[in-house]
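As a basis for the values below, the full set of heavy atoms in this structure was taken, side chains included, without hydrogen atoms, waters or symmetry mates. Order of appearance sets the numbers: ligands from 1, and atoms from 1 within every ligand.
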Amino acid sequence: MKNQYQPLLEGFTFENRISLKNRVVMAPMTNFASNEDGTVSDSEVNYYIRRSKGAGMVITACAYVSPSGKGFPGEFGSHSDEMIPSLRKLAESIKKEGAKAVLQVFHGGRMCPPELVPGGDVVSASAVAPEQQTPTGEQPLPRELTDEEIQSIINDFGESARRAIEAGFDGIEIHGANGYLIQQFFSPHSNQRTDRWGGTIEQRMAFPLAVVDEVKRVVKNHAKEPFLVGYRFSPEEPETPGITMDETLLLLDELAKKKLDYLHVSLMDFWSVPRRGVDDTRSRMEIIQERVGSQVPVIGVGSIYSADDALKAIQTGVPLIAIGRELIIDPDWVQKIEEGRASEIKTKLRKDAQQELVVPDPLWQAIINAPGWFPVEDNQ
Ligand SMILES: Cc1cc2nc3c(=O)[nH]c(=O)nc-3n(C[C@H](O)[C@H](O)[C@H](O)COP(=O)(O)O)c2cc1C
């Protein structure tokens, strides 16, 4: 009998010939559980092993590329060669279960808690404090980066790509979303520079595009086998001024020219509609897919819990679907669909299931202490 969810289970081959066994991607999720020295912990590795049998590709939590970019307590790093054995352990654990392993890399910029960066020196495009709080509750006033420091951070992204290759990852995802440094350069809220890194929209794109160029250059020089380079972005910002949908579409046009392997949207709801900037009532995903989908594969994401949710999403024409919270709630999500047991998928978290679900303590505590973040079973 034909599986009604077959469109989710079909293989997918990127232009660089890397193939995925299905269309499901594990979304990058920070877990706060890495060791103090920036290495990956055993509890983290076990969490990934539990979730890497089903999805075609697993994107890791973000790793910081520079010491000044550590954005979360318990985050792991890709900022020095000493991290390579730790990164290798992570890559091998994911790949052994059958998924492709992609390392997400970032610099937290003004969203870094001061106590996590050397000398409490929080940096960004401009000296503008965030409207949102860092994970530890501050709203630090950052120091504006010098031109030389900007070049050095671009270099750090390239170095992280080299380390990802040496550690055996199948690819790297440049985290240009969720309000971190790359987005801070594109945003008119956080970037008020008047040099070549700010001002016009083209100049606000200069840093994101320079990071892409450097990562691609390093990959060309170092990778002996096909290696994926993806880019994640948030389509809009709530702040005024802030990134608008029309500005994002212009950025995507430029990113599409860079021959990236994929673009990955960051959204909490796949079906969310533009806040401002375009006169279009369709979902952001559909607008994005129409704009660049024929040039570069797009990964969609956001509140996909059931197999039907995912089927509906992939029917928009987006080739790959990322799932985050749901893979914490049910690590066997893909296998249940493969085995014709989609109706057995759990879409709500059981508060006593931490051990069974293999979730590290700090992540579990974060989930339990933030009501409304995850759907939770009734009577819990
Ligand atoms: C616990 C948690 C940690 C996250 N950490 C990251 C991260 O490190 N990098 C990133 O790009 N997005 C991160 N996200 C966003 C997810 O990748 C995803 O876009 C979001 O959760 C919506 O998808 P979902 O509804 O399938 O969970 C995180 C989300 C959660 C729930």
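Each of the atoms 19 (O), 22 (C) of ligand 1 lies under 4.0 Å from some heavy atom of Leu267. Each of the following atoms of ligand 1 lies closer than 4.0 Å to a heavy atom of Ala27: 17 (O). Less than 4.0 angstrom separates some heavy atom of Ile323 from each of these atoms of ligand 1: 26 (O). Of all atoms in ligand 1, listed by their number and element, those nearer than 4.0 Å to a heavy atom of Cys62 are 8 (O).
When only modelled atom types and interatomic distance are considered, Glu149 and Ser152 share no side-chain donor-acceptor pair under 3.5 Å.
In this comparison of Glu75, Glu173, Met29, the heavy atom closest to atom 29 (C) of ligand 1 sits on Met29. If you check each of Arg325, His264, His175, Gln104 against atom 31 (C) of ligand 1, the one with the closest non-hydrogen atom is Arg325. Of all the listed residues (Met268, Arg232, Met26, Glu326), Arg232 holds the heavy atom that lies closest to atom 19 (O) of ligand 1.
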Show your reasoning for whether side chain to side chain contact (heavy atoms under 4.5 Å, CB included) applies to Val25 and Ile321. CA-CA 6 Å; Val25 174; Ile321 301 294; over 6 Å; no
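Ligand 1 has no nitrogen or oxygen under 3.5 angstrom from a nitrogen or oxygen of Ile304. Inclusion of Phe374 in the set of residues having an N or O under 3.5 Å from an N or O of ligand 1 is not warranted. Looking at ligand 1, you won't find any N or O of Tyr305 less than 3.5 Å from one of its N or O atoms.
At a 4.0 Å heavy-atom cut-off, ligand 1 touches Val301 through the side chain alone. When non-hydrogen atoms are compared, ligand 1 lies under 4.0 Å from the side chain of Trp373 (C-beta onward) but not from its backbone. Under 4.0 angstrom from ligand 1, the non-hydrogen atoms of Asn178 all belong to its side chain.
Classified by interplanar angle (parallel below 30°, tilted 30° to 60°, perpendicular above 60°), the ring pair Tyr180/His175 is perpendicular.
Between the side chain of Thr244 and the main chain of Gly277, no donor-acceptor pair closer than 3.5 Å is present.
Residue contacts with ligand 1 leave out Ile328, since none of its heavy atoms falls under 4.0 Å from the ligand.
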